Amino acid sequence: MGSTSAHKNEGLGRRDVIKRSAALGLITVPTMSFLSACASGDSGGDDPVEKGKTSAKNPLGVNESAALDVVIFNGGFGEQYAKDAEKVYAGAFPKAKIKHTATQKIQSQLQPRFNGGTPPDLIDNSGAEQMDMGVLVGKKQLLDLTPLMDAPSYDDPNKKVRDTLRPGVLEMGQFDGDPVWIMYYAYTVYGVWYSQTALEKLDAEYPETWDDMLALCAKAKKQGIAGWTYPGKYPYYLPFSLYPFIAKIGGREVLDKIDNLEPNAWKDPAVKAAFEAYYELKQKGYILDGTPGLTHIQSQTEWTKGKALFIPNGSWVENEAAPTTPKDFKMMVAAPSGLDSSDKLPFGTIWASGGEPFIVPAKAKNPQGGMEQLRIMLSEESSKNFTKQVKSLSAFNGGTDGLTLSTAMQAGVDALKKAGDNVVNPRMQDWYVKLQKEQIGTAGIGEMMAGRLTPAEAIKKIQAYADAAAKDQSIKHYKHQ
């Protein structure tokens with residue numbers, strides 16, 4: 001990866017031009033409370049079902065008559081793609097009864113089952129109530145999916161499942177060493193989302209520099225259009241564009257230090273520059289009025305109505321915002337604008353990684369069935385079905401042949417191509433969920449973007465949260481290898 005020396009303040013170019021307004025008085029407000037997984041309890045439940053006989057058609061040894069219990073997060077991707085894959089499972093094991101549950105309350109519904117030792121066989125652990133993956137791994141609550149990774153792929157018995165995955169997907173499921181604890185099924189492109197139609201109406205192109213971004217926001221404001229909006233109630237969406245922006249300014253090693261909970265990582269000049277740039281959007285009135293009170297759906301709806309040009313998001317947004325998206329919207333995604341010519345990485349640096357984490361609990365009654373369901377989902381047929389239904393790439397490296405891609409999907413493919421090797425993959429959101437969502441995202445960045453903290457105050461607060469997490473011996477700590 002290589003290392004770079006830290007920027008000096010006087011070498012930051014445009015950073016000297018960004019002037020903070022006088023510090024606002026700190027207003028004490030209640031912040032969003034997020035559930036974090038305790039993953040406690042070693043109480044035993046029913047014993048696992050007897051393993052079936054392995055064969056070419058059943059390489060994982062699924063018990064053909066054992067029930068399969070699947071819980072899917074019913075969010076941006078819906079549940080139909082999973083139901084369709086379950087039909088394939090039912091066809092292969094007609095004696096098996098499949099229980100399918102769709103919910104947005106993953107934590108509330110499943111924590112008691114984990115504590116009681118009776119978890120489902122397969123879980124799509126996603127959404128606002130996502131169980132903390134770092135805690136689940138640290139407390140040995142998850143099954144090692146290495147047998148699935150080493151099993152023959154569904155389409156080609158001569159190719160292992162691990163060899164069919166997009167770059168970086170398998171590594172995302174590894175927390176400490178070789179075991180694979182999580183199968184990230186979607187392949188998500190994070191960045192700045194916009195309507196090409198909206199830019200065309202302003203006779204504008206996507207801004208590659210921050211000066212151009214501010215100029216475009218000023219132009220839009222004159223037309224009664226905000227530059228940005230975001231889910232103010234869930235401001236941990238902001239890092240989807242802010243983190244790669246930080247990496248572009250200071251290099252990917254800045255994000256690695258943040259992930260590693262290194263002392264003073266948040267005090268890096270690149271973080272300061274990025275925070276001040278985003279704060280400038282707020283100070284100049286380029287954020288849609290009322291944004292701090294909006295949910296993800298509400299902010300997306302305001303965006304698709306044309307009330308704001310840009311929104312930080314992931315590639316699930318196309319499907320999630322489909323009900324309110326005009327036919328001529330031309331949804332697109334791009335990497336964050338750069339700051340200035342001293343940036344360490346080129347324009348195009350973007351965050352892309354596995355998304356929609358699927359897990360098989362260690363105490364699942366039918367773990368082989370849970371893994372087999374994932375093996376089916378990682379077939380070309382299921383992958384194509386997922387892409388057609390939800391307008392997102394899957395972890396399967398392919399599955400787009402013969403498909404007509406939407407403007408948003410094509411923009412994502414183009415963005416990945418432009419990025420080349422400059423794709424970053426921050427791990428904070430899966431290593432330390434509470435720290436990322438509740439503290440960094442909500443109490444830090446969210447309060448700053450609402451105007452209740454200055455960048456300096458937000459950085460100081462976030463660094464304190466990170467230092468506390470680093471010292472907390474009750475949680476397992478992870479580092480980039």
Side-chain angles (χ1 to χ4, degrees), residues 76-77 165-169 172 184-200 204-210 212-213 216 227-228 230 237-249 251-252 255 274 278 300 303-304 308-322 325 329-339 343-356 383 386-387 390-401 403-426 429:
F77 294 142
L165 304 178
R166 293 185 185 277
V169 171
M172 273 202 71
Y184 287 86
Y185 186 62
Y187 196 71
T188 303
V189 177
Y190 302 95
V192 181
W193 291 77
Y194 64 97
S195 161
Q196 181 62 32
T197 301
L199 293 194
E200 289 171 355
E205 296 181 352
Y206 182 82
E208 295 189 8
T209 69
W210 201 250
D212 290 342
M213 170 60 76
L216 179 53
W228 286 64
Y230 60 89
Y237 275 58
L238 284 160
F240 296 156
S241 60
L242 183 58
Y243 281 178
F245 186 38
I246 291 170
K248 186 183 187 312
I249 296 169
R252 67 177 71 232
L255 295 185
Y278 268 50
Q300 289 163 190
W303 171 61
T304 55
L309 292 181
F310 303 112
I311 189 169
N313 223 310
S315 44
W316 62 80
V317 67
E318 181 180 12
N319 191 58
E320 195 168 60
T325 304
F329 193 73
K330 295 182 183 177
M331 189 181 294
M332 305 281 278
V333 63
S337 308
L339 197 60
D343 288 351
K344 291 288 185 179
L345 297 175
F347 174 73
T349 299
I350 202 166
W351 179 1
S353 64
E356 214 64 15
S383 177
F386 176 78
T387 297
V390 308
K391 301 179 178 63
S392 173
L393 299 174
S394 79
F396 176 76
N397 196 2
T400 59
D401 294 342
L403 298 182
T404 300
L405 301 183
S406 65
T407 59
M409 283 196 67
Q410 188 61 55
V413 171
D414 293 344
L416 290 171
K417 184 177 180 181
K418 183 174 182 61
D421 293 334
N422 297 308
V423 175
V424 296
N425 183 12
Q429 70 173 4

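Counting from 1, the numbers follow the sequence of the chain as shown. Here the structure is a predicted model, which means the values were calculated and not measured.
- Taking the six-membered ring wherever Trp is involved, the centroid distance between the rings of Y243 and Y190 does not fall below 6.0 Å.
- Between F347 atom CZ and Y206 atom OH the span is 5.5 Å, to the nearest 0.5 Å.
- In this structure, Q410 places its CD atom where more than 12 heavy-atom neighbours from other residues, nucleotides or ligands lie under 6.0 Å away.
- Among all heavy-atom pairs drawn from M172 and S353, the shortest one is SD-CB, 3.3 Å.
- The backbone N or O of P244 sits nowhere less than 3.5 Å from a side-chain atom of R252 that would complete a donor-acceptor pair.
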**OP:** Test side-chain contact (heavy atoms from CB on, under 4.5 Å) on L165 and N397 and set out the steps.
**Re:** CA-CA 5 Å; L165 304 178; N397 196 2; 6.0 Å; no

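- S195 places a side-chain N or O within donor-acceptor distance of the main-chain N or O of F329, the cut-off being under 3.5 Å.
- The shortest non-hydrogen separation linking L345 to A247 is CD1-O, 3.4 Å.
- Separation of the W351 and F245 ring centroids does not fall under the 6.0 Å cut-off.
- The backbone N or O of K248 lies less than 3.5 Å from no partner atom in the side chain of K344, so there is not a single donor-acceptor pair.
- When all heavy atoms of W228 and S241 are compared, the pair lying nearest together is CZ3-OG, 4.0 Å.
- One distance of note links OG1 of T407 with CE of M332; it measures 6.5 Å at 0.5 Å rounding.
- In this structure a side-chain-to-backbone donor-acceptor pair under 3.5 Å is present from S337 to P207.
- The six-membered or imidazole ring of F77 lies near that of F386, with a centre-to-centre distance under 6.0 Å.
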Derivation of the side-chain contact (heavy atoms from CB on, under 4.5 Å) call for L199 and E205: CA-CA 6 Å; L199 293 194; E205 296 181 352; 5.9 Å; no

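- Ring-plane geometry between W316 and F240 is classed as perpendicular, the angle between the planes exceeding 60 degrees on a 0 to 90 degree scale with a lower cut at 30.
- Scanning all heavy atoms of the two residues, the minimum distance from G412 to V189 falls at O-CG2, 4.2 Å.
- Using a distance-only test at 3.5 Å, with no hydrogens or angles considered, no donor-acceptor pair links the side chain of D212 to the main chain of E208.
- In this structure, the side chain of Y194 does not engage the main chain of A334 through any donor-acceptor pair within 3.5 Å.
- Side chains of T387 and S392 form no contact here, defined as non-hydrogen atoms less than 4.5 Å apart.
- For W193 and F310, the ring centers sit 6.0 Å or farther from each other.
- In summary, the side chains of E318 and S406 do present a donor paired with an acceptor at a separation below 3.5 Å, with no hydrogens or angles considered.
- A411 approaches V333 most closely through the heavy-atom pair CB-N, 3.7 Å.
- Nearest heavy atom pair, residue A415 against residue I350, reads CB-CD1, 3.8 Å.
- Rounding to the nearest 0.5 Å gives a distance of 12.0 Å between CG of L416 and CG of N422.
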Q: Decide yes or no on side-chain contact (heavy atoms from CB on, under 4.5 Å) for L216 and M213, but give the supporting numbers first.
A: CA-CA 5 Å; L216 179 53; M213 170 60 76; 5.5 Å; no

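- I311 contributes atom CD1, which lies 11.5 Å from atom CG of L309 (distance to the nearest 0.5 angstrom).
- Put simply, CG on N319 and CE on M409 are 11.0 Å apart, with the number rounded to the nearest 0.5 Å.
- The structure places CG of L339 at 11.5 Å from CD1 of I246, a figure rounded to the nearest 0.5 Å.
- Between the side chains of Y187 and S315, not a single donor N or O lies within less than 3.5 Å of an accepting N or O.
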